[in-house]
Amino acid sequence: MHRWSQTLIPTTREAPADAESPSHILLSRAGYIRKLGSGIYDYLPLAWRSLRKISQIVREEMDATGAAELCLPVMLPIELYAGTKRDVDYGDLLFKVTDRKGAVAALGPTHEEPITELVRGSINSYKQLPLSLYQVQTKFRDEARPRSGLLRCREFIMKDAYSFHMEVEGAGGLNETYDAMYRAYSNVFKRCGLDFTVVEAEAGPIGGSASHEFMVNAASGEDTILKCPVSGYAANVEKCEIGVREVSGGAFDGSPTGELAEVHTPNLPGIDEVGKFMKVKPDRMLKTIVFRVVGDAPTKWVLAVVRGDHDVNEGKVKSVCGHQVELAPEKEARAAGFAIGYVSPRAVNSVPGVLMLVDPDVAGGGFWATGADKPDHHVKHFNWKRDVGEKLGDPRYVKLADVRNALAGDPSPRAAGARLETGRGIEVGHIFKLGTKYSDAMDLKMLYKEQQRSVIMGCYGIGVSRTMAASVEQNHDENGIIWPAAIAPYHVLITLMKPDQASHVEAAGRIAASLSEAGLDVLIDDRDERPGVKFKDADLIGVPIRLTIGDKALAEGGVEFKLRRDVAAKGEVVRLDQVTSRCSSAL
RNA sequence: CGGGGUGUAGCGCAGCUUGGUUAGCGCGUUUGACUGGGGGUCAAAAGGUCGGCGGUUCGAAUCCGCCCACCCCGACCA
């Protein structure tokens, strides 16, 4: 039981000017967080209580999977990254500090390296596996653009877990732990009282559905997620498959709509501008993106052709063509003969070593406009058969394939006839089958089945501070936060109307003691403030239950009981001897 | 990293274009009075390196230069 006057809850009428998202505004106004620098926040007492409750739920669920908690250093000698090269891959995202001797340390953005190092040095035999270890700790990432308060910080609290195995399948294998983590994560967010969606994410090196993201559903979320309402399939944009799409009139089969006509289109940077200029809607234009194949292969370039109003999905391009690819560097692409910005599918004939991937939505007949393969020009009345010709039928050069991001209304990949729907989400958890990336790089091997074999790893993260903010994004109204009981800083707020009247104070004390006895966390607002101020603050900080102690209700032998989430409801008088049970059952 | 913007009291802002008394306003804070169930009223008061450094000028919050910090859009985001 705590008293408002004895803790620190600096509520404000106005939010800092830089706060825009609901969680940032409300957590700031309600006295949970203060900004100390870009992407760096103080966690005040209320925030810390919520964070501890979230952490506690996480710990219980992690422990239930058999994982053991430990705590690794924040400062990691840069030499630790020698094997994995992540100091380079992470680039500027990695915070670095230099000590008095000039030695550089990274502030851990995540802890694959130290955990792998630890296990390598302390586990000698495969018989000691499987093993899962986790920590709840402050992480550092020098984000290019911190934003939205706690949602994207440079210093944040994260639970990260790592598991070690010799096999993928079977008892003690990676999959077994992965599935246990999946269930644990579902339990965590369920217990936190959050509405969330689990989505398939970018596949890991082992393939299959090797990665899942746990997304809190919130309109203000940064990530788009797609769901099939029939099968329950859900995925993020990077990953989402699209069901079978019919090509109207057959692939590459339509007859020309007119003579190929060149149009001069100078100084028009994007599809939209070109379309307007030519009086063609973007959905009748072909967008041809040039990718370069990384490494040595007979195929040097990959073209991805999608509709002007669609986006190419690089991951899909990679998996369809079977090569590692990257967006072609402009200089090299030009040197090879691509008129970057004005490339058409005809480039498959004019440049050697090209594989062209055509999205089903553009393979049909009808009118098409596209680039003219020379600067500042586009063409109208493009026709596949006439303008590309025989390579269309040859899968060595042209493939019909899903290479774009999924959109609302696309066919579901899991249920015939169903259509994908979109929603917004905030990523709060991510589980990932790492495979042997780190054990290979850092030489974590065990003698197993008469061979030295790399240990197979999984990693599992929960953004603890982000989860708190995500909850506010999902649960608030114009007056303030509305906490799910499980992660509210307090369960009950007792508002004293007359903190200077002994009988009121005494009643509050008795009720608080009884509630504490029943396991509820209680905050007594004992400030000498006007009722209006106290009620406004009560709504703002979002404690689930408010008990108001004043003359009115006391005269009736009770106190006023009100749930934060029942915005319109008037307080209900509850008899003193029933308050505790009423509060307990309401949570 | 590209584009745009901001920095003046604890918070939110005006003043800057066109340099010139003691730099204002709202909220908050302090004191007093009245009040007392949804941020109350009146009165008095405290609180400022005008982001920093340099320059122009008799004189700079205001004009010029450099730097720093922060925000927004984009790129990026295991």
Visitor: Is a side-chain donor-acceptor pair under 3.5 Å present for A/Thr495 with A/Asp525?
Guide: no

Visitor: Considering only the C1' atoms, how many Å lie between B/U18 and B/C76, rounded to the nearest integer?
Guide: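 Straight-line distance between the two C1' atoms is 44 Å.
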
Visitor: Please tell me which of A/Gly461 and A/Asp537 maps to the more 5' nucleotide of RNA chain B, matching each residue to the nucleotide holding its nearest heavy atom.
Guide: A/Asp537

Visitor: Determine the Euclidean distance between corresponding C1' atoms of B/A61 and B/C16; express it in Å to zero decimal places.
Guide: 7 Å

Visitor: Please state the C1' separation for the pair B/A9 and B/G55 - nearest whole angstrom.
Guide: 29 Å

Visitor: Considering only B/G12, B/G38, B/C71, which nucleotide approaches the side chain of A/Glu14 most closely?
Guide: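 Nearest to the side-chain atoms of A/Glu14, counting from C-beta on, is B/G12.
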
Visitor: Of the nucleotides B/G12, B/C70, B/G39, which one has an atom closest to the side chain of A/Thr11?
Guide: B/G39

Visitor: Could you state the atom-to-atom distance from CD1 of A/Ile25 to P of B/C72 in whole Å?
Guide: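 Spelled out: CD1 on A/Ile25 to P on B/C72 is 11 Å.
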
Visitor: Touch check for A/Asp539, heavy atoms < 4.0 angstrom, all strands: base, sugar-phosphate only, or nothing?
Guide: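 It contacts base atoms.
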
Visitor: Taking atom types as modelled and ignoring hydrogens, do the side chains of A/Lys433 and A/Asn175 form a donor-acceptor contact shorter than 3.5 angstrom?
Guide: yes

Visitor: Under 3.5 Å for both donor-acceptor distances, Watson-Crick or wobble: does B/U62 have a partner, and if so which one?
Guide: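 Answer to the pairing question: none, since B/U62 forms no Watson-Crick or G-U pair.
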
Visitor: How far does the P atom of B/G48 sit from the matching atom of B/G5, given to the nearest Å?
Guide: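 These two P atoms come out 32 Å apart once rounded.
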
Visitor: Sticking with atom C1', work out how far B/G37 lies from B/A33, rounded to a whole angstrom.
Guide: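 My reading of the C1' atoms in B/G37 and B/A33 gives 22 Å.
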
Visitor: Would you please name every residue forming a side-chain contact (heavy atoms from CB on, under 4.5 Å) with A/Ser220, sequence neighbours left out?
Guide: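 For A/Ser220 the side-chain contact (heavy atoms from CB on, under 4.5 Å) partners, ignoring immediate neighbours, are A/Ala218, A/Glu473.
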
Visitor: Report the base-pairing partner of B/A43 (Watson-Crick or G-U wobble, both distances below 3.5 angstrom), or none.
Guide: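 Its partner is B/U31.
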
Visitor: If you restrict it to nitrogen or oxygen atoms, what contacts under 3.5 Å exist between nucleotides 73-77 of chain B and the protein, and what is each distance?
Guide:
{"residue": "B/C73", "atom": "OP2", "partner": "A/Arg145", "partner atom": "NH1", "Å": "2.7"}
{"residue": "B/C73", "atom": "OP2", "partner": "A/Arg145", "partner atom": "NH2", "Å": "2.7"}
{"residue": "B/C76", "atom": "N4", "partner": "A/Arg147", "partner atom": "NH2", "Å": "3.4"}
{"residue": "B/C77", "atom": "O2", "partner": "A/Arg152", "partner atom": "NH1", "Å": "2.5"}
{"residue": "B/C77", "atom": "O2", "partner": "A/Arg152", "partner atom": "NH2", "Å": "2.6"}

Visitor: Roughly how many Å apart are B/G10 and B/G28, using the C1' atom of each and rounding to a whole number?
Guide: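 Result for the C1' pair: 7 Å, nearest Å.
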
Visitor: Let's see if you get this right: which residues in residues 33-42 of chain A place a heavy atom under 4.0 Å from RNA chain B?
Guide: A/Lys35, A/Ser38

Visitor: Considering residues at least two apart in sequence or located in another chain, which fulfil the ring-ring contact (aromatic ring centres under 6.0 Å, His included) criterion with A/Tyr182?
Guide: A/His212, A/Phe214

Visitor: In this structure, how many angstroms lie between the C1' atom of B/G38 and the CZ atom of A/Arg527, rounded?
Guide: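 In whole Å, B/G38 C1' and A/Arg527 CZ are 13 Å from each other.
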
Visitor: Counting only Watson-Crick pairs (N1-N3 plus N6-O4 or O6-N4) and G-U wobbles (N1-O2, O6-N3), all under 3.5 Å, who is the partner of B/C25?
Guide: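 B/G12 is the nucleotide pairing with B/C25.
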
Visitor: Write down the partner of B/G19 under the Watson-Crick or G-U wobble criteria, each distance required to be under 3.5 Å.
Guide: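 Base-paired to nothing in any strand shown.
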
Visitor: Taking side-chain contact (heavy atoms from CB on, under 4.5 Å) as the test, write out the residues that go with A/Glu79, two or more places apart.
Guide: A/Pro77

Visitor: Mark yes or no for a side-chain to base donor-acceptor pair under 3.5 Å between A/Arg29 and B/G39, with no hydrogen or angle criteria applied.
Guide: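 For A/Arg29, whose side chain was compared with the base of B/G39, there is a donor-acceptor pair (under 3.5 Å).
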
Visitor: Partners of A/Tyr41 by ring-ring contact (aromatic ring centres under 6.0 Å, His included), sequence neighbours excluded?
Guide: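 With sequence neighbours excluded, A/Tyr41 shows a ring-ring contact (aromatic ring centres under 6.0 Å, His included) to A/His24, given in chain and number order.
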
Visitor: Can A/Ile157 and A/Lys139 be said to form a side-chain contact (heavy atoms from CB on, under 4.5 Å), step by step?
Guide: CA-CA 6 Å; A/Ile157 300 172; A/Lys139 296 279 189 281; over 6 Å; no

Visitor: Kindly write out the residues that satisfy side-chain contact (heavy atoms from CB on, under 4.5 Å) with A/Val543, not counting sequence neighbours, or none if the list is empty.
Guide: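 Partners of A/Val543 under the side-chain contact (heavy atoms from CB on, under 4.5 Å) test: A/Tyr490, A/Leu493, A/Ile541.
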
Visitor: On a heavy-atom basis, which atom in A/Met215 and which in A/Ile225 lie closest, and how many Å separate them?
Guide: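 The answer is CE-CG2, 3.6 Å.
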
Visitor: Determine the contact category for A/Ala15: base if any of its heavy atoms lies under 4.0 Å from a base atom, sugar-phosphate if only primed atoms, P, OP1 or OP2 are that close, otherwise nothing.
Guide: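 Since only primed, P, OP1 and OP2 atoms lie under 4.0 Å of A/Ala15, the category is sugar-phosphate.
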
Visitor: Let me have a per-nucleotide readout for nucleotides 43-48 of chain B, 5' to 3', with B, S or -, counting only protein heavy atoms under 4.0 Å.
Guide: ------

Visitor: Does any nucleotide pair with B/C1 by Watson-Crick or G-U wobble geometry, both distances under 3.5 Å, and what is it?
Guide: B/G74

Visitor: With a 4.0 Å cut-off on N to O distance, would you call A/Lys534 and A/Glu529 a salt bridge?
Guide: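 Salt bridge: no.
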
Visitor: Scan for ring-ring contact (aromatic ring centres under 6.0 Å, His included) pairs involving residues 538-557 of chain A, sequence neighbours excluded, and state none if there are none.
Guide: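 The answer is none; no pair qualifies.
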
Visitor: Which residue is it: A/Tyr43, A/Trp48, A/Trp483? I am looking for the one with a ring-ring contact (aromatic ring centres under 6.0 Å, His included) to A/Tyr32.
Guide: A/Trp483

Visitor: Provide the distance between the two C1' atoms, one in B/U29 and one in B/A46, to the nearest whole Å.
Guide: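 Between the two C1' atoms, the distance is 8 Å.
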
Visitor: Return the value, rounded to whole Å, for the distance between atom CG of A/Asp142 and atom P of B/C70.
Guide: 10 Å

Visitor: Residues two or more places apart in sequence or in another chain: which of them pass salt bridge (charged side-chain N to carboxylate O under 4.0 Å, His left out) with A/Asp311?
Guide: A/Lys287

Visitor: More than 12 heavy atoms of other residues, nucleotides or ligands under 6.0 Å from CG of A/Asp92: is that the case?
Guide: no

Visitor: Output all residues satisfying side-chain contact (heavy atoms from CB on, under 4.5 Å) with A/Arg183, sequence neighbours left out; order by chain, then residue number.
Guide: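 Listed in chain order: A/Asp179, A/Ala180.
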
Visitor: Using both distances under 3.5 Å as the test, list the Watson-Crick or G-U wobble partner of B/A69, or none.
Guide: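 Here B/A69 is engaged in a pair, and the nucleotide opposite it is B/U6.
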
Visitor: So which protein nitrogen or oxygen atoms get under 3.5 Å of nucleotides 35-37 of chain B's nitrogens or oxygens?
Guide:
{"residue": "B/U35", "atom": "O2", "partner": "A/Arg530", "partner atom": "NH1", "Å": "2.6"}
{"residue": "B/G37", "atom": "N1", "partner": "A/Glu560", "partner atom": "OE1", "Å": "3.0"}
{"residue": "B/G37", "atom": "N2", "partner": "A/Glu560", "partner atom": "OE1", "Å": "2.6"}
{"residue": "B/G37", "atom": "N2", "partner": "A/Glu560", "partner atom": "OE2", "Å": "2.4"}

Visitor: Cut-off 3.5 Å, side chains only: do A/Thr110 and A/Glu112 have a donor facing an acceptor?
Guide: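 Checked: A/Thr110/A/Glu112 side chains pair up, N/O donor to acceptor below 3.5 Å.
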
Visitor: What's A/Pro16 touching, base or sugar-phosphate or nothing? Going by heavy atoms closer than 4.0 Å.
Guide: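 Touches sugar-phosphate only.
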
Visitor: Suppose you measure atom P in B/A60 against the same atom in B/G52; what distance do you get, rounded to whole Å?
Guide: 15 Å

